[in-house]
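Report on the following structure.
Proteins get letters first, then strands, A, B, ... in listed order; numbering begins at 1 in each.
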Amino acid sequence: MRERLPRKEKFSEWYNELLLRTEIVDVRYPSKGLCVWYPFGFSLRRRIYSILRSLLDVDHQEVLFPLLIPENEFMKESEHIKGFEEEVYWVTKGGSTPLEMPLALRPTSETAIYPMLQLWIRSHVDLPLKIYQIVNTFRYETKHTRPLIRVREITSFKEAHTAHATWAEAEEQVKAALKLYSEFFRRLAIPHVITKRPDWDKFPGADYSMAVDTLMPDGKTLQIGTVHHLGTNFAETFDVRYEDPEGEQRYVNQTCYGISERCVAAVIAVHGDDRGLVLPPEIAPTQIIIIPIVSKGKDALGACKRILDMLKDVYRVVLDNSQERPGAKYYKWEMKGVPLRVEIGPRDMERGEVTLVRRDTFERETVAISKLNDAIEDKLGAIHANLYERARQSFDSRIVDCKTLDEAKTAIRKGMAKISWCGEEECGLCMEDRTGGDILGELAKTKRGECPICGKKTDKVVLMARAY
RNA sequence: GGGGCAGUAGGGUAGUCUGGUCCAUCCUCGCGGCUUUGGGAGCCGUGGACGGCAGUUCGAAUCUGCCCUGCCCCA
């Protein structure tokens with residue numbers, strides 16, 4: 001018998017082992033913080049990102065900018081540099097010849113894109129401009145790296161960049177982007193919360209930053225999306241101007257927003273269980289696995305092939321015709337997260353039925369072949385709904401209203417603490433210090449209360465947590 | 001940022017303290033074969049490993065140093 005997966009309670013072990021066993025990514029690449037996508041993992045990634053693409057393609061255009069950024073461009077925006085300079089990889093030689101102008105491997109692409117926006121944007125009719133790209137970026141992480149979560153090469157960075165005539169229009173875009181991200185995570189059945197990051201934690205060079213966070217099984221939060229209002233900060237640095245209808249030259253207002261392969265990590269961590277992956281049907285590389293139950297003199301294979309033919313045009317379906325025994329196949333495909341299993345054996349064939357088993361609940365049901373199509377459609381829909389519902393219940397139960405820092409300190413051991421804050425940086429940092437958690441950010445919903453440090457009355461409510 | 005611990009076949013391990021018994025143990029896995037198949041099949045045959053560099057030594061998986069990599073705890 002094959003060794004079991006570590007229990008999900010031991011989240012780190014479970015997560016690392018699962019990534020390798022199910023062939024999502026291989027962390028054994030011989031350089032720290034870099035990993036290899038296996039075919040199965042890449043297929044999962046592709047399906048997740050095609051949802052993201054389809055949402056963006058409604059009103060964004062996809063582009064592709066270079067990986068390398070000249071040092072002089074990279075160094076232009078002083079706040080931005082301060083935020084990134086310690087984690088930039090530099091290309092300094094061409095062969096053995098030192099480069100006149102060193103080139104940065106993009107840690108993010110603002111400084112690659114905005115010099116071009118200066119050329120592309122001339123007039124108010126060029127606005128709004130909304131572009132995105134899905135690329136790799138590099139950050140020299142010195143802390144512990146963790147596959148898909150903290151890496152040196154972000155392989156799947158979706159970054160969108162927009163330019164608008166006014167600050168208010170850019171702010172509308174921030175809201176639109178957050179709505180788009182919420183829809184994306186709803187499709188992945190990932191519960192999440194949106195907050196405004198405190199000033200000391202905003203994107204370097206932004207006016208303000210919004211963030212999307214979810215909760216991991218160990219109670220730490222994972223930032224799975226960010227949306228930044230850049231104001232005219234970069235526009236002034238890169239001289240990105242447009243001529244307004246009155247003939248005045250004005251700086252554009254910009255936003256940028258990103259999602260990385262952390263969204264794949266979130267799907268794995270939020271839905272997975274002790275038996276392995278549990279995947280929402282829309283993104284599962286294999287949605288249905290057909291398992292023949294062979295028995296002396298009675299070959300179920302023919303029946304399985306007929307079912308396969310019946311389903312294959314609509315669903316991603318695989319017939320496991322290997323020589324293993326049925327039990328071994330069940331474990332194997334459960335590990336891979338296949339949402340629905342179809343078993344066909346002698347008993348089923350006699351009755352013109354098949355047996356359906358759900359991955360999320362292990363619920364087992366026999367269905368007449370004549371009603372199979374409808375039953376599958378129902379079940380796949382129910383699986384998505386159930387995954388989202390049970391994840392949301394777990395998520396909600398781990399957000400605790402707190403009045404005191406002691407309560408907050410307890411709450412962040414298992415999840416997030418909701419607590420009042422006056423808005424002063426000094427008090428905020430003190431709250432972080434006293435609880436050992438971070439202030440994730442401010443919620444849009446306000447509530448009358450008082451700051452746990454200075455006691456001042458306030459409407460602001462923040463979330464605190466331990467964060468990845 | 002600070003502190004621990006660990007690297008032995010594709011995966012997991014024994015051996016390391018006390019150097020020689022180890023051309024390295026067991027499980028899993030791969031390959032070939034026969035019998036099997038409603039929740040991880042059995043037997044037979046076979047394949048595959050001491051993270052890297054340097055040092056100590058007659059002799060290093062084992063001791064020392066450095067490097068690389070990974071994990072855990074604290075801030």
Inspect the surroundings of [atom1] in [X] and state if more than 12 heavy atoms from other residues, nucleotides or ligands are less than 6.0 Å away.
X: A:K418; atom1: NZ; answer: no
X: A:E85; atom1: CD; answer: yes
X: A:K409; atom1: NZ; answer: no
X: A:E9; atom1: CD; answer: yes

Please state whether the phosphate of [N], meaning OP1 or OP2, lies under 4.0 angstrom from any side-chain nitrogen or oxygen of [X].
X: A:R466; N: B:rA75; answer: no
X: A:R325; N: B:rA41; answer: yes
X: A:T355; N: B:rG38; answer: no

Whole-Å gap separating [atom2] ([N]) and [atom1] ([X]):
X: A:L18; N: B:rG11; atom1: CG; atom2: P; value: 17 Å
X: A:E23; N: B:rG11; atom1: CD; atom2: C1'; value: 12 Å
X: A:E17; N: B:rU28; atom1: CD; atom2: P; value: 16 Å
X: A:E324; N: B:rG30; atom1: CD; atom2: P; value: 8 Å
X: A:D320; N: B:rG39; atom1: CG; atom2: P; value: 15 Å
X: A:L20; N: B:rG11; atom1: CG; atom2: P; value: 7 Å
X: A:D438; N: B:rA75; atom1: CG; atom2: C1'; value: 11 Å
X: A:Q323; N: B:rG32; atom1: CD; atom2: P; value: 12 Å

Using the [atom1] atom in both, what is the distance from [N] to [M], to the nearest Å?
N: B:rU16; M: B:rC23; atom1: P; value: 16 Å
N: B:rG39; M: B:rC44; atom1: P; value: 26 Å
N: B:rC71; M: B:rG12; atom1: C1'; value: 15 Å
N: B:rU13; M: B:rA75; atom1: P; value: 29 Å
N: B:rC17; M: B:rA9; atom1: C1'; value: 26 Å
N: B:rG4; M: B:rU8; atom1: P; value: 22 Å
N: B:rU64; M: B:rG19; atom1: P; value: 12 Å
N: B:rG52; M: B:rC29; atom1: C1'; value: 27 Å

Would you give the length of the straight line joining atom CG of A:D26 to atom CG of A:L34, rounded to the nearest 0.5 angstrom?
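Reported to 0.5 Å precision, the distance equals 12.0 Å.
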
Does [N] pair with anything, Watson-Crick or G-U wobble, both distances under 3.5 Å, and if so, with which nucleotide?
N: B:rC50; result: none
N: B:rA6; result: B:rU69
N: B:rG32; result: B:rC44
N: B:rC26; result: B:rG12
N: B:rA61; result: none
N: B:rU21; result: none
N: B:rA75; result: none

Restricting both atoms to N or O, compile the protein contacts to nucleotides 70-72 of chain B shorter than 3.5 Å, with distance only.
| from | atom 1 | to | atom 2 | distance (Å) |
| --- | --- | --- | --- | --- |
| B:rC71 | N4 | A:H144 | NE2 | 3.4 |
| B:rC72 | OP1 | A:S12 | OG | 2.7 |
| B:rC72 | N4 | A:H144 | NE2 | 3.3 |

Closest-nucleotide mapping onto RNA chain B: is A:T142 or A:Y330 further toward the 5' terminus? I mean the 5' end.
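Upstream on the strand: A:T142.
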
Judged by each residue's nearest nucleotide on RNA chain B, which is more toward the 5′ side, A:R347 or A:G436?
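Looking at the nearest nucleotide for each, A:R347 comes out on the 5' side.
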
If you measure from the Lys or Arg side-chain nitrogens to the Asp or Glu carboxylate oxygens, is any gap between A:K457 and A:E450 under 4.0 Å?
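Between A:E450 and A:K457 there is a salt bridge, with a charged N closer than 4.0 Å to a carboxylate O.
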
From the list B:rG38, B:rG40, B:rG39, which nucleotide is the closest neighbour of the side chain of A:E334?
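Of B:rG38, B:rG40, B:rG39, B:rG39 is nearest to the side chain of A:E334.
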
Quick check on ring pair (Phe, Tyr, Trp, His ring centres under 6.0 Å): which of A:F84, A:Y89, A:W90 does A:Y140 satisfy it with?
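The passing option is A:Y89.
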
So A:R28, base contact, sugar-phosphate only, or nothing? Heavy-atom distance under 4.0 Å.
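Sugar-phosphate only.
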
Ignoring hydrogens, what is the shortest heavy-atom contact between A:R106 and A:N136? Give both atom names and the distance.
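Shortest heavy-atom contact: NE-O, 2.6 Å.
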
Within the 3.5 Å criterion, strictly below it, is a donor on A:D320 or A:S322 matched to an acceptor on the partner's side chain?
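Yes, because at least one side-chain N or O of A:D320 sits under 3.5 Å from a partner of the opposite role on A:S322.
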
Hey, is A:Y331 stacking on B:rG40? Ring centres under 5.5 Å, planes under 30°.
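By the stated criterion, A:Y331 and B:rG40 stack.
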
Can A:R197 and A:Q223 be said to form a side-chain hydrogen bond (donor to acceptor under 3.5 Å, both in side chains), step by step?
CA-CA 11 Å; A:R197 287 276 187 261; A:Q223 173 181 297; 2.8 Å; yes

